[in-house]
Amino acid sequence: MLTSGAAERRPGGVRPAATDRLALSWDGEGGGDGMVVNAARLAVFSPVDSTARVDVVVRRLADAIAVGLLADGEQLPSEAELAASLGVSTVTLREALMALRQQGMVETRRGRGGGSFVRAPSEIDVATRLRLFAVDELRDLGDHYTAIAGAAARLAAQRSLPSDVAPLWRSLDEMAAVAAQTPPGMIARLRRLDGRFHIEVAAASQSARLTQEEIRLQADIGPLLWLSHEALGGHDEMAAQHHAIAHAIEIGDGDQARALAERHVLDAIEHLIELRLGLQE
């Protein structure tokens, strides 16, 4: 993961402009190595576009909450600190937080120890969500996501340090451990870990914009892609593809990493379209 000065040692590396404190998070889901600087969170808290309005800030934070980068119950930074890191006025930030409260994704607590706290959304019915997309929309999303995933994997192979690749293997190890368990609740955790792996690949590219786009896509269609992976043959096939991508990044083979990442997305989209066609209207 990106640490202070790491991006500067890589050609083309771009360190998201946010304070290290905002990027500190508990690594992993329930356990892990403690507090770490998380490159994906740096991207979440980097400045939005200078012309951004309230809805852009809402989308940035809502996506991060949806994919679990901002954890349930986590306290957000103070309004002044968060506004400064996002590069917006406190008025704009307050309006964004109000919108998030109305959506049930943030709650405000008064008094000592108060502030704004994250509330994770409930699990969605992926089949119901899939019905909302026409086949042409899924194909178009697939084209877009293929380009993002391929570029991120290629740059990750070219720019990443061992410390950037380590989170990929850690996520894959966690996925293998969770997949060996049978409780139904583990499926939701596998989905989150799958999304985290792809976000970590984007974060290893050292591009804040690619990381932000990966987060957005995971929030939009991540659960749907997981549905298609299940149809492809379950965890074993998906794990093999993930391991191949991580290995190509680790050995610095950008062309192979890009090809594997693109194939991974295209396979998922093709089967997702098949699933959508099989749904009765």
Side-chain angles (χ1 to χ4, degrees), residues 1-3 5-18 22-23 25 37-50 52 56-57 59-70 85-87 140-168 171 192-222 225 241-242 244-250 252-266 268-269:
M1 289 183 181
L2 186 61
T3 56
E8 287 78 358
R9 294 194 294 271
R10 276 164 276 201
V14 179
R15 186 177 191 278
L22 290 175
S25 66
V37 176
N38 185 311
R41 286 171 60 95
L42 282 171
V44 170
F45 292 117
S46 65
V48 296
D49 187 271
S50 60
V56 178
V57 178
R59 180 62 191 261
R60 172 78 70 81
L61 296 177
D63 286 348
I65 293 170
V67 301
L69 280 175
L70 299 179
S85 69
L86 293 172
D140 190 50
L141 274 170
D143 292 341
H144 178 60
Y145 191 16
T146 298
I148 296 298
R154 177 179 62 81
L155 291 174
Q158 293 173 349
R159 297 175 175 176
S160 61
L161 294 175
S163 58
D164 299 306
V165 180
L168 305 182
S171 289
R192 290 194 296 271
L193 286 169
D194 177 61
R196 191 177 83 184
F197 171 80
H198 290 289
I199 291 169
E200 286 168 343
V201 169
S205 76
Q206 306 303 318
S207 168
R209 288 183 182 273
L210 280 176
T211 305
Q212 290 157 8
E213 188 64 12
E214 178 68 44
I215 292 169
R216 187 183 73 81
L217 286 163
Q218 284 296 327
D220 280 347
I221 62 171
L225 292 175
Q241 293 183 355
H242 285 165
I245 293 169
H247 178 68
I249 291 172
E250 185 173 51
D253 191 337
D255 290 340
Q256 180 72 349
R258 180 189 62 198
L260 289 167
E262 290 177 350
R263 186 73 261 165
H264 183 62
V265 174
L266 288 172
I269 290 295

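Computed from a predicted model, the values in this text were never measured in an experiment.
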Partners of [X] by side chain to side chain donor-acceptor pair (under 3.5 Å), sequence neighbours excluded?
| X | value |
| --- | --- |
| Glu250 | Trp169 |
| Arg59 | Asp63, Asp220 |
| Gln212 | Ser46 |

### Message
I'd like to know if the side chain of Ser205 and the backbone of Leu155 have a donor-acceptor N/O pair within less than 3.5 Å.
### Response
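Absent.
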Side chain to side chain contact (heavy atoms under 4.5 Å, CB included) between Arg192 and Phe197: does it pass, once the steps are laid out?
CA-CA 9 Å; Arg192 290 194 296 271; Phe197 171 80; over 6 Å; no
* Asked: Using a distance-only test with no angle check, is there a side-chain donor-acceptor pair under 3.5 angstrom linking Asp194 and His242?
  ->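 Yes, His242 and Asp194 have a side-chain donor paired with an acceptor closer than 3.5 Å.
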Measure the shortest side-chain to side-chain distance between Glu200 and Asp164 over non-hydrogen atoms and say whether it is less than 4.5 angstrom.
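No, every pair of side-chain atoms sits at 4.5 Å or beyond.
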Distance-only donor-acceptor hits, side chain of residues 254-262, under 3.5 Å, sequence neighbours excluded:
none

Give the minimum heavy-atom separation between [X] and [Y], together with the two atoms involved.
| X | Y | result |
| --- | --- | --- |
| Val201 | Ala156 | O-CB, 3.7 Å |
| Arg60 | Ala43 | NH1-O, 3.3 Å |
| Val44 | Leu69 | CG2-CD1, 3.8 Å |
| Ala40 | Ile199 | CB-CG2, 3.5 Å |
| Ile249 | Ser160 | CG2-OG, 3.7 Å |

About how many Å separate [atom2] of [Y] and [atom1] of [X], when rounded to the nearest 0.5 Å?
| X | Y | atom1 | atom2 | value |
| --- | --- | --- | --- | --- |
| Leu168 | Arg196 | CG | CZ | 10.0 Å |
| Leu225 | Ile269 | CG | CD1 | 5.0 Å |
| Arg154 | Asp253 | CZ | CG | 12.0 Å |
| Thr146 | Leu266 | OG1 | CG | 3.5 Å |

Problem - CA sep, side-chain torsions, deciding dist, call: Phe45, Leu70, side chain to side chain contact (heavy atoms under 4.5 Å, CB included) - result: CA-CA 11 Å; Phe45 292 117; Leu70 299 179; 3.8 Å; yes
How would you list, by chain and number, every residue that makes a salt bridge (charged side-chain N to carboxylate O under 4.0 Å, His left out) with Asp143, sequence neighbours excluded?
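With neighbours one apart ignored, the set is empty.
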| message | Enumerate the salt bridge (Lys or Arg N to Asp or Glu O under 4.0 Å) contacts for residues 204-215, please, sequence neighbours excluded, ordered by first and then second residue. | response |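 Every pair satisfying salt bridge (Lys or Arg N to Asp or Glu O under 4.0 Å) with a residue in residues 204-215: Glu213-Arg216.
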- Can you list the steps and then say if Arg263 with Gln241 is a side chain to side chain contact (heavy atoms under 4.5 Å, CB included)? CA-CA 9 Å; Arg263 186 73 261 165; Gln241 293 183 355; 5.8 Å; no
